[in-house]
Amino acid sequence: MSDKYEKKPIMAESLGNAGEIHQINSNEQQKLTTNHGLPISDNQNSLRMGERGPTLLEDFVLREKIFHFDHERIPERIVHARGSGAHGYFECTEAIPELTKASLFQKKGNRVPVFTRFSTVAGSKGSKDTPRDVRGFAVKFYTEEGNWDLVGNNMPVFFIQDAMKFPDLVHSVKPEADRMFPQAASAHDTFWDFISLMPESMHMIMWAMSDFALPRSLRMMDGFGVHTFRFTNAKNKSTFVKFHWRPKLGVQATCWDEAVKISGADSDYHRRDLWEAIQKGDFPEWDFAIQTFDEEWALKQPYDVLDATKLIPEEEIPLKVIGKMVLNRNPDNFFAETEQAAFLPSNIVAGIDFSDDPLLQGRLFSYMDTQKSRLGTTNFHQIPINAPKCPFANFQRDGMMQTMIPKGRANYEPNSLDEVGENGGPREIPAEGFTSFQLNSASNNTFQKLRIRAESFADHYSQAVLFYRSQTPVEQSHIASALIFELSKVTLEHVQIRFVSRLRNVDEELAKRVADELSIALPEKSSIAKHVIDMPISDQLSLLKKFKPTLKGRKVGILFSEGSDIEIINNLTELIKKSGGSFMLIAPKIGSIKMKDNKRLKAEGQLAGTPSVLFDAIALVLNLKAAENLSKDNSAIDFVRDAFRHLKAIRMDDNALPLIKKANFTKDAGITEIDAEFIKAAARRFFDREHA
Ligand code: HDE
């Protein structure tokens, strides 16, 4: 067996001061050893007393192997447990020294490595990729002045205003305490009970019920820092800043029914999509943009910029693009990198600082704390994925799993060991070191200890209304359907009633529709603390208004069968490739299929196991006989029926009519025989079908 082992160093990475890692010369045949270096002669059989006798306790090789295996799992993240990560780089595309002294932004072209992890929030580690949920968007920038972690989401606001409510929010959305279901779903009693009691969540609920909660791909999601942060420049002038990521492939969503079916067909849909795109060199890319403003501007707004349930409309402060992120390398080992990645919102660099957002302030404590419980040691910063790539040194010592070997006598400071020629260790550097921005604002009750919510946080509805009104009618109807679906799973009628009474403050029509579908009488409108302000519609809040039709990063499923015309397929695949898309060849049987004129073509996907939900558009290249046969095959009928239902373009000619007839839909603008037209159509969805 040994000749099958890859000749690869055990650990290729040795990071900064993060411990010396023994490397094996890659030309040598790598020996299988115990964790303590003893070469192993037999990895197939345990040591036993006689040929068929009991196993001996003495077998330290077996015991070490099983001991390690028994402890392979670590606690999963309390939230965001399900995630996928990738390496890449961040590049500054516009220097902004006037705003920040962060080294990263001093010069156009500056590049730093990054590790990015995307996640769902509610589900456990093994849950599906496509539930209706918020997505985490966490980026670790390994800068030359230390790690900066921007731990954000794919939506610009959050459910709650104060860290105090976070455990309650998470408990309510997670599987219910007594029965431990439902998994990765918000459609249940406890979540809506909590939400209906928390009017501050209304804006975020509109986002969570919108198509933004059903991303088509991790590569097609926005990212937001959510909170207001601060930049500080070399003169210590501070500017407020909001951070945004914008995907080059545009933002796109799946239909709800499609997302549900994808989770059955491929519960790793997003993880696989990200991995495969990077594997084939189709590197996902995001623009990095900022909105900046000063305290004076902030104080004039009808909302509080420290309130994480509020956004700043882009029409008010347009985005300024200052960088880009490219993800170009998959992890070598999921556990060592993606699972052990520990993001800390408290990881900032000089030139970036926190605001007093009470949600952000709570996060500054929480993440450090959770890593100790998840990774088991305060030394989690030494794990290669978390270690800074710049030198780091201090007098912290020891602790569980210390992997560094700090040298010298001095483990305290101040010390004067330098004076006798010994290494006294590192020293603080007042001029260059990080200093917190000195807040000097009359509006801030810094000196009073108060357990209160600021009055400026009291308007819970204006931006929920803004979001809803900024949607297209199609998106508004998706929000209505999502609310109806979620609340239909709620068994407590008083919760449905309470939620709808609040919804009336967002939109009367919406509330009526939801009440009607739940068969409840329209309840009285709930009282509100502050009057709703009429804010101008913001097109940037609508996924469809900012949708970019493109085939880049999208995939077409081509269904063929025995006797199909290979020329048609070749022509089609050429056009798809030219448009930056990819394709998969699907047939009733996998493997080499005999085509027209005795040519052969290999099918990569078997029809029964490759439903159309896995593609952005489908093409039917069949002869009449095959279409007649397939019209009796449920997988084929579902293939075309679902593609139609999920609003996708379909390429077909008259040969496919028997199958189309069975699937029972009529031709429309998204269905064409002309390949060039199909390529255009494949880059979008046909929402008119929803009315039909
Ligand atoms: Fe988190 N959050 N969070 N969160 N969060 C965690 O940290 C927490 C919040 C976000 O890919 C945990 O390492 C508190 C807002 C992401 O590893 C935990 C509060 C936003 C990730 C935690 C919040 C986020 C986490 C779980 C309220 C968007 C995944 C494991 C004060 C701006 C990072 C861990 C990754 C993870 C706590 C609110 C985003 C338990 C207490 C707001 C993307 O520490």
Side-chain angles (χ1 to χ4, degrees), residues 74-87 114-125 133-141 147 149-174 198 200-201 203-204 207-208 212-213 215 218 221-229 241-245 270-271 274 306-311 327 331 334-335 337-348 354-376 380-381 383 385-386:
I74 58 173
E76 65 174 35
R77 290 166 174 84
I78 314 281
V79 276
H80 296 266
R82 169 82 187 167
S84 304
H87 296 271
V114 296
F115 183 75
T116 298
R117 183 175 178 273
F118 305 105
S119 44
T120 57
V121 178
S124 1
K125 206 167 104 176
D133 199 357
V134 186
R135 299 303 191 279
F137 194 125
V139 183
K140 194 181 277 293
F141 300 74
N147 289 351
D149 294 356
L150 185 58
V151 196
N153 278 344
N154 74 329
M155 296 175 191
V157 289
F158 202 67
F159 293 97
I160 48 167
Q161 298 175 319
D162 192 304
M164 188 65 121
K165 298 315 300 164
F166 191 68
D168 300 306
L169 166 73
V170 174
H171 286 171
S172 80
V173 72
K174 284 270 182 182
M198 295 291 292
E200 71 198 52
S201 64
H203 185 193
M204 181 64 167
W207 281 85
F212 285 102
L218 301 172
M221 299 192 317
D222 288 329
F224 300 89
V226 177
H227 312 281
T228 296
F229 289 86
V241 57
K242 290 247 180 204
F243 296 112
H244 298 247
W245 295 105
H270 284 159
R271 181 174 286 176
L274 180 67
L306 302 183
D307 172 358
T309 67
K310 305 296 185 298
L311 53 82
L327 298 180
F334 182 89
F335 180 86
E337 301 177 276
T338 312
E339 192 59 13
Q340 293 199 116
F343 293 90
L344 308 174
S346 53
N347 269 354
I348 46 166
F354 314 116
S355 72
D356 292 338
D357 173 341
L359 195 63
L360 174 61
Q361 293 285 322
R363 296 179 74 201
L364 301 181
F365 158 76
S366 167
Y367 289 62
M368 179 82 86
D369 189 48
T370 208
Q371 305 313 345
K372 164 74 184 74
S373 132
R374 217 164 60 75
L375 298 164
F380 66 86
H381 63 283
I383 298 173
I385 194 69
N386 297 323

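Predicted model, so just to flag it, every value in this text is computed and none were measured. Each ligand, and each atom within it, is numbered from 1 in the order the structure gives.
- Numbered from 1 in the order shown, with element, the atoms of ligand 1 that lie under 4.0 Å from a heavy atom of Thr370 read 7 (O), 13 (O), 30 (C), 34 (C), 40 (C), 44 (O).
- Interface atoms of ligand 1 facing Gly136, defined by a heavy-atom separation under 4.0 Å, are 43 (C).
- For ligand 1, one of its N or O atoms has an N or O atom of Ser366 under 3.5 Å away.
- In summary, the atoms of ligand 1 found under 4.0 Å from a heavy atom of Leu359, numbered by their order in the structure, are 27 (C), 31 (C), 42 (C).
- Distances between N or O atoms of Arg117 and those of ligand 1 include at least one value under 3.5 Å.
- At the shortest separation from atom 2 (N) of ligand 1 among protein heavy atoms lies Tyr367 OH, 2.8 Å.
- Relative ring orientation between Phe137 and Trp245 is described as parallel, the plane-to-plane angle staying below 30° on a 0-90° scale split at 30° and 60°.
- For ligand 1, the polar-atom distance check finds no N/O of Ser119 at less than 3.5 Å from any of the ligand's N/O atoms.
- Ligand 1 places these atoms under 4.0 Å from at least one heavy atom of Ala163: 31 (C).
- Of all atoms in ligand 1, listed by their number and element, those nearer than 4.0 Å to a heavy atom of Gln371 are 13 (O), 34 (C).
- Partners of Lys125 according to the salt bridge (charged side-chain N to carboxylate O under 4.0 Å, His left out) rule, which considers only residues two or more places apart in sequence or in another chain, are Glu339.
- Near Val226, meaning under 4.0 Å from one of its heavy atoms, ligand 1 places the atoms 32 (C).
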